[in-house]
Protein chains: 2
Amino acid sequence: MNQSAYKRKEDCPLTFALTLIGSKWRLPIIWALWKNKTLRYNELKRHVEGITNMVLSQSLKEMENQGLVVRRQYMEIPPRVEYSLTKAGEELVPSLESLAKWGKGMQATVKSDV
Amino acid sequence: MNQSAYKRKEDCPLTFALTLIGSKWRLPIIWALWKNKTLRYNELKRHVEGITNMVLSQSLKEMENQGLVVRRQYMEIPPRVEYSLTKAGEELVPSLESLAKWGKGMQATVKSDV
DNA sequence: CAGAATCCTCAACGATACTG
DNA sequence: CAGTATCGTTGAGGATTCTG
């Protein structure tokens with residue numbers, strides 16, 4: 001995290017992890033795929049309320065490259081594309097739950113005085 | 001995370017946790033305080049390489065309000081102000097380590113194909 | 001159905017200078 | 001020493017429209 005540990009910030013595994021899940025729509029996407037296992041593009045979009053095509057398709061493309069998400073395309077008319085989490089993506093969930101548990105504890109104390 | 005779980009995104013404990021640690025300088029600050037227990041303002045600034053006064057003081061103020069950081073001011077000349085993590089701040093670390101462990105596993109596989 | 005293209009906005013962050 | 005004040009920049013994300 002600092003110069004004694006890593007030459008560059010991007011080398012820190014924690015910072016790196018946050019780049020994978022930290023942007024605005026990553027968690028909602030991961031969460032929807034975790035709960036539903038497999039979703040088509042427009043199903044996923046319905047689960048992630050408020051996201052635009054622009055951002056969803058871009059996020060999915062990145063997450064596929066990063067090994068978080070699997071994309072399966074079926075050559076049919078009309079087109080069918082299904083998304084699901086990779087094994088690595090699923091292995092992320094326990095860490096998220098740990099963080100969520102901490103966050104839940106914080107909500108009570110922080111909400112009132114911020 | 002979605003409408004079935006929370007009416008608003010901010011109600012999700014995980015999203016909430018990320019607002020506390022997700023911005024650019026939060027982790028470096030938390031990490032420096034975790035390793036050194038207590039630091040004066042300028043010491044902290046030296047540990048968090050590249051941060052400006054503007055961002056550091058602003059971040060510390062927010063983190064204090066959020067219950068992550070304790071600020072102790074001593075009425076001396078020259079002024080002395082010491083920062084350290086709160087108990088809640090320290091309790092965050094195991095979750096971060098879990099996430100870092102996952103991130104470390106990802107780095108190897110992702111780095112090459114992104 | 002599953003996106004891509006284009007343009008735009010805004011908040012986080014950066015740089016520099018100043019102060020009790 | 002420990003911050004503020006001011007201004008400038010930038011990039012993630014939003015809105016809208018279009019397409020194989």
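A quick note: this is a predicted structure, and the numbers were derived from the prediction, not measured. Every chain is numbered from 1, with letters handed out A, B, ... down the list of sequences.
- At least one side-chain nitrogen or oxygen of A/R40 sits closer than 4.0 Å to the OP1 or OP2 atom of C/dA2.
- C/dA12 atom P lies 15 Å from atom CG of B/L18, rounded to whole Å.
- Rounded to a whole Å, the CD atom of B/E62 is 12 Å from the P atom of D/dT4.
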Audit row: B/K45, B/E43, salt bridge (charged side-chain N to carboxylate O under 4.0 Å, His left out) steps and yes/no: CA-CA 5 Å; B/K45 193 182 169 195; B/E43 286 176 333; over 6 Å; no
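- Put simply, CE on B/M54 is 11 Å from P on C/dC13, counting in whole angstrom units.
- The shortest side-chain heavy-atom distance between A/Y83 and A/I29 does not fall under the 4.5 Å cut-off.
- Here C/dG3 presents its C1' atom at 13 Å from CD1 of A/I51, a figure rounded to the nearest Å.
- Of the candidates D/dC1, C/dC13, C/dG3, the closest approach to any side-chain atom of A/Y41 belongs to C/dG3.
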Verdict with supporting geometry, A/E62 and A/Q66, side-chain hydrogen bond (donor to acceptor under 3.5 Å, both in side chains): CA-CA 6 Å; A/E62 292 167 5; A/Q66 291 160 348; 5.1 Å; no
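- Toward the 5′ end of DNA chain C lies the nearest nucleotide of B/S59, the other residue of the pair B/S59 and B/N53 mapping further downstream.
- Whole-Å rounding puts the A/Y74 OH to C/dA2 P distance at 12 Å.
- Under 4.0 angstrom from either OP1 or OP2 of C/dA2 there lies at least one side-chain N or O belonging to A/N42.
- The interatomic distance linking A/M75 (CE) with C/dG3 (P) rounds to 11 Å, in whole Å.
- One finds a side-chain N or O of B/K61 lying less than 4.0 angstrom from the OP1 or OP2 phosphate oxygen of D/dT4.
- Counting heavy atoms from C-beta on, the side chains of A/W102 and B/L20 come closer than 4.5 Å.
- Judged purely by atom type and a 3.5 angstrom limit, A/T86 has no side-chain atom pairing as donor or acceptor with the backbone of A/V70.
- Within the 4.0 Å cut-off from OP1 or OP2 of C/dG3, not a single side-chain nitrogen or oxygen of A/K45 is found.
- Using a 4.0 Å heavy-atom criterion, one finds that B/R71 contacts the sugar-phosphate atoms exclusively.
- Rounding to whole angstrom units, NE2 of residue A/H47 and P of C/dA2 are separated by 13 Å.
- A close approach under 4.0 Å does not occur between any side-chain nitrogen or oxygen of A/R46 and OP1 or OP2 of C/dA2.
- Between A/W25 and D/dA12 there is no side-chain N or O to OP1 or OP2 distance below 4.0 Å.
- Look at CD on B/Q58: it is 14 Å from C1' on D/dT6, rounded to the nearest Å.
- Regarding contacts with the backbone of D/dG3, a side-chain N or O of B/Y83 is found under 4.0 angstrom from either OP1 or OP2.
- OP1 or OP2 of C/dA4 sits under 4.0 Å from a side-chain N or O of A/S57.
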